Amino acid sequence: MIDAEDFPGTRGVDPNWATSDAAQARLRRRRAADRRLWALGIGAVAIAMGLLLILLGSIVTASWTAWTQTSIRLDVTIPADKVNPEDPFRARYGSFVDQSLADLFPLIDTPAGERELRSMVSNGSQFFVRDAVVADPALIGRTFSIWVPAADPIDQLHKGVIDRDLPANRRNVNDAQIDIYDQLVDEGRLQSTFNWTLFTAADSRFPELAGLQGALWGSFYLLLVCFLISFPTGIAAAIYLEEFAPKNRFTDIIEVNINNLAAVPSIVFGLLGLAVFLQVFGLPRSAPLVGGMVLSLMTLPTIIIATRAALKQVPPSIREAALGIGASRLQTVTHHVLPLAMPGILTGTIIGLAQALGEAAPLLLIGMNAFITAAPDSMLSPSTALPTQIFIWFDSPERGFVARTSAAILVLLGFLVVMNATAVFLRQRFQIKW
Amino acid sequence: MSQTFIIPFLLLLAAIGYWLGRQRALALHDGTASGGLATLPQYYGYYVALIAGLPAFVLFIAGLLFQGSIIDSLLLGSLPSEMTTDITSAERNLLLSSIRNAAQGTTFGTPEPAILAAAESLNTYRLIVNGAVVALVMALAIAGLTWARGRIAPKFRARHRVEAIIFGLMVLCSLIAILTTLGILVSLVFESLRFFARVPVTEFLFGTKWDPQIAIRADQVGGSGAFGAVPIFWGTIVVSLCAMCVAVPVGLLAAIYTAEYATPLAWGTIKPILEVLAGIPTIVYGFFAVITVSPFLRDLAASLGIEMAPTAAIVAGGVMGIMLIPFISSFADDALNAVPRSLRDGAAALGATKSETIRQVLLPAALPGIMGGVLLALSRAIGETMIVVMAAGLTANLTLNPLEGVTTTTVQIVALLTGDTEFDSPKTLAAFGLGLVLFTATLLLNILALGIVKKYREQYD
Amino acid sequence: MVATQAASASPAPHSPPATTKVSARKVNLWYGEKQALFDVELDVYENEVTAFIGPSGCGKSTFLRCLNRMNDTIAICRIQGDIRLDGQDIYDKGIDVVQLRARVGMVFQKPNPFPKSIYDNVAYGPRIHGLAANKAELDEIVETSLRGAALWNEVADRLDQPGLGLSGGQQQRLCIARAIAVSPEVILMDEPCSALDPIATAHVEELIEELRDRYTIIIVTHNMQQAARVSQRTAFFHLGKLIELSPTDRIFTSPEHQMTQDYITGRFG
């Protein structure tokens, strides 16, 4: 038997140690350590939240000036002898714009002064005039008022991004331009309106003419291809692995492989696309089809993993019930298990597509960062995508592109918010709790 | 490619096949409850539809993928043989694109008559090859439909056939993952071998001088001295370590808070915010690094009298760290939550405070799971592209100082492969060499990490 | 000797008047909206084994967990009433729950050794509470605790091995050693033998009998024979209410309440 001497309480420890002063002091120190860890945890969460706020805040702030566009009202005269009413498209509209500017400032007659004058409005102004005349040939031979976009430096000056009080060599506009600008303001020829160009135009080298239309269509095609490939294959693969596959070495390998594929850096998929889709199969560069194929390979593991998780959620009793009344295994899955798992599958798919939408790296390698000034008209015409367009603008030196980059990021984030909100909604609304 | 009309055609044919098959089966119906059929009538329909549509669809995809190369070889074949013998693939591509350009009417200088002739025939070849693909696909579809319909008989077990076909399709789909991995491996290894044929492997792996911008002239052998990738690997490591220095402590502490201290209300607010942080595309982080973080850190460094490069490793690394915070915290959160409640109770019942329980019982128990998450995050940091492309430098720099500009593997891959470079030059091939190293490194990290995480989950399941 | 003691498990007539160690008055407890305890009132005497019995879900474990405030870790749990340890309200604001739990130890239904060595498992409590000034003292505490839990002879030569490597019964005794290493005044045992085989159960029961001299023990059990074997007094719980608390020999021979009688004779539960 156990010797009484061996019992605790008979040893050196005072049985009432817990209420002693020393224990109290020690307790205070331990409580302080507890509070420190708590504070560190709160601090870490606060840092994460603060960084998110700073990130969003700085992008919103930086985008601020991109949402409006300054335009200048010109009184353009279309000389009847210079435009053929049969074919109003072909005429030198640029000279009409130059002339209207010259008419506004008759005092400026040096070549340098005329250059400053011409630099006030966007290089694309002539196209606005042309489009007006093409739309209404009656304008030929008459003088009419038209708002054309201001050139980027003037736009920046008007928005206050360029500080006019800086020494002339440190700002993008010179004193002569500022003089012209002030006169235009005085005459009420400047206005600031919402920058619809951002959504209605494709890319351009001139910020005031650049828009996201091409990138939006490109991203749409990318996601369409990505969805058409990865959704059916992902579901089929997941059903096989979850419901039918025997548990053996081979399926183990597939499983490990899928998990690993989900963690392969995205740029490696770009290398694959470049080497296989472009080099071996000779598919065109910069095409949304190729980009969508690359993204679908990236999205596939996400969809497979999400679908398997959703299938696992469906209780085995459902399968047993269906099999019990004589349904085949395939019927059991397609009639009962799959519909019940669908909300989870859709949620996973949307999340996977949202990731694909924001992905830029692999697209750079297959040339989707090319400078393309028209929206793609098919899956095979060259195109950019939202993230690569952001990258192109980010890389452009013009001042106006800084704000437009931020604005484009906000558009991208807007789409992501909508997609993720849809996913959350699906999860909340349709997910069945077993 | 105007052949996309084939897809609706195939769909239509499949629909007709379904209807025909079903009608045929119904016609065989003998009026008894089972109708004397082996399966339900619609399965005969599915069977005909699948046989009509599927092989034709596969043929169509194969045709789409290969018709380009068929046209190319036809074009080259039409050229005089002295133009096509003994040419490199770069010259071959040049030849082909000049033919295409000529066909579109854009010519540079005066092209050779042979090229003009080839350009003339290009449209014919296109018509022939495209037409052949369309004809073959249609023929196969109609043949499939007729054959399948002919097989319908009362004893024919259509459902088994249909299920077998679908089953086969599912197996194929699950093989795509394997094929992708194989495709990655084969293409990386293949291109890397071509690269190593020009630049020795040892030079690449152990050389310390990286300067692919000094283009290797034709008369220069190999490219000695210019393709030593050590500074690039080094830069990758420095940036990744900077990222881990931010992500691990913040992510881990945030996880400790959310898993152990947070009230349900706080949890419900913090979790979605971390998820938002995880859902932001990396290009956004890259932009943030350049317009906000870099100027801020430079001002900070300047006010302390320290000089800092605008492309300093700490900028890209730090922002990457922010990106990885939610990644680490969600792994650590899962790992902590997987520790059984009984251990928490056990520690609490001994009079341990919460922080003692966390530090001495929960963290050691959750360590493998947390380590797995950290390794996966490291693998992400190594493979992350956009942040470093935007915020890190281009010049290789063998330094440990996070305030100096460094370049990384992914930056170099992008730099080497964007812009119009010949696919055969060592410069572009070097990108595949770097890609192979990147893939291998991240794969090993992933396997290790996923293994640890799996083992850890099993321990508490 | 142990066997004879276990056979005469009733308080010996010559024993001194029992001092009250734990007293509970009007204890009500809710999990969210659902009330789990109704006006429970009882006293637990020093150096006695008190058994709580009753059908599943009767609140006996819940009540046990009130005594060292383990229910604090459950967010939706709300408690009302008065529980005193040595006359001191343990739910008083001035009471530190960490200190309380050092005085009221607990052994759980399933053995839950930490994923550490045997030594570190036992040394954990003394370390956090600072009970040992040096390694030698800590060694001594570990040894006496393991001896106290009747485990020393089995593990003395492998103290550095993981505690999870022991058998179920050994693990449970390790948890008991871990609990007594901080010299608690009261030990709560929540069905300590339910996960053990009969031989391991016998070991633990023997141990409880021996620990009684030094500690006040409260044991929740499903097994009425066990209650009869180890306890001096038994409390019967039903649907969150304390039905009856009597000396063990009386409750098993002539219970006051019909319900207790029904439960003991196996008509429900």
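Heavy atoms only: backbone and side chains are in, while hydrogens, waters and symmetry mates are out. Quick caveat: nothing in here was measured; it's all calculated off a predicted structure.
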Legend entry - Interface residue of largest heavy-atom contact number with chain B, from A/Gln331, A/Met379, A/Glu359, under 4.5 Å: A/Gln331
Legend entry - Heavy-atom contact with chain B under 4.5 Å, split by part of A/Leu271: both
Inset, instruction - Side chain from CB out, backbone as N, CA, C, O: work out which of these in B/Thr442 comes under 4.5 Å of a heavy atom of chain A, or both, or neither. - result: side chain
Inset, instruction - Indicate yes or no: at least one non-hydrogen side-chain atom of A/Leu365 is less than 4.5 angstrom from one of B/Ile413. - result: yes
Legend entry - chain A contact via B/Ile358 - side chain, backbone, both or neither, heavy atoms under 4.5 Å: side chain
Legend entry - Most chain A-contacting option - heavy-atom pairs closer than 4.5 Å, from B/Val162, B/Thr385, B/Val186: B/Thr385
Legend entry - Within 6.0 Å of CZ in B/Arg380, more than 12 heavy atoms from elsewhere: no
Legend entry - Toward chain A, the part of B/Ile178 with a non-hydrogen atom under 4.5 Å: both
Legend entry - 4.5 Å side-chain heavy-atom contact, B/Pro281 and A/Leu412: yes
Inset, instruction - Tell me, for A/Ile254 versus chain B, whether the close heavy atoms (under 4.5 Å) come from the side chain, the backbone, both or neither. - result: both
Legend entry - Check: A/Asp34 side chain, B/Thr353 main-chain N or O, donor-acceptor pair, under 3.5 Å: no
Legend entry - Close side-chain approach of A/Leu37 to B/Tyr261, heavy-atom, < 4.5 Å: yes
Legend entry - Proximal component of B/Leu445, with respect to chain A [non-hydrogen, under 4.5 Å]: neither
Legend entry - B/Leu252 portion near chain A, given a 4.5 angstrom heavy-atom threshold: neither
Legend entry - B/Ile325, part contacting chain A, at a heavy-atom distance under 4.5 Å: side chain
Legend entry - chain B contact via A/Ser406 - side chain, backbone, both or neither, heavy atoms under 4.5 Å: both
Legend entry - Part of A/Ala354 lying under 4.5 Å from any heavy atom of chain B: neither
Inset, instruction - Check whether any side-chain heavy atom of B/Val276 sits under 4.5 Å from a side-chain heavy atom of A/Asn420, and report yes or no. - result: no
Legend entry - Whether over 12 other heavy atoms sit under 6.0 Å from B/Phe190 CZ: no
Legend entry - Side-chain heavy-atom pair A/Tyr240, B/Cys173 within 4.5 angstrom cut-off: no
Inset, instruction - Pick out which of B/Leu436, B/Thr410, B/Leu188 makes a side-chain contact (heavy atoms from CB on, under 4.5 Å) with A/Val268. - result: B/Leu188
Inset, instruction - Please state whether the side chain, the backbone, both or neither of A/Leu261 comes within less than 4.5 Å of a heavy atom of chain B. - result: side chain
Legend entry - Heavy atoms of other groups near A/Arg31 CZ, more than 12 under 6.0 Å: yes
Legend entry - Contact class of B/Val290 relative to chain A, heavy atoms under 4.5 angstrom: side chain
Legend entry - Heavy-atom side-chain contact between B/Phe432 and A/Leu274 under 4.5 Å: yes
Inset, instruction - Determine whether A/Ser328 and B/Arg159 make a side-chain contact, defined as any pair of heavy atoms from C-beta on separated by less than 4.5 Å. - result: yes
Inset, instruction - Under 4.5 Å heavy-atom distance to chain A, tell me which part of B/Tyr43 shows up: side chain, backbone, both or neither. - result: side chain
Legend entry - Test of ring centre spacing under 6.0 Å for A/Phe391 and B/Phe287: no
Inset, instruction - For residues A/Asn260 and B/Thr181, determine if any side-chain heavy atom of one lies less than 4.5 Å from a side-chain heavy atom of the other. - result: no
Inset, instruction - With a 4.5 angstrom heavy-atom cut-off, could you sort out which part of B/Ile447 is near chain A: side chain, backbone, both or neither? - result: both
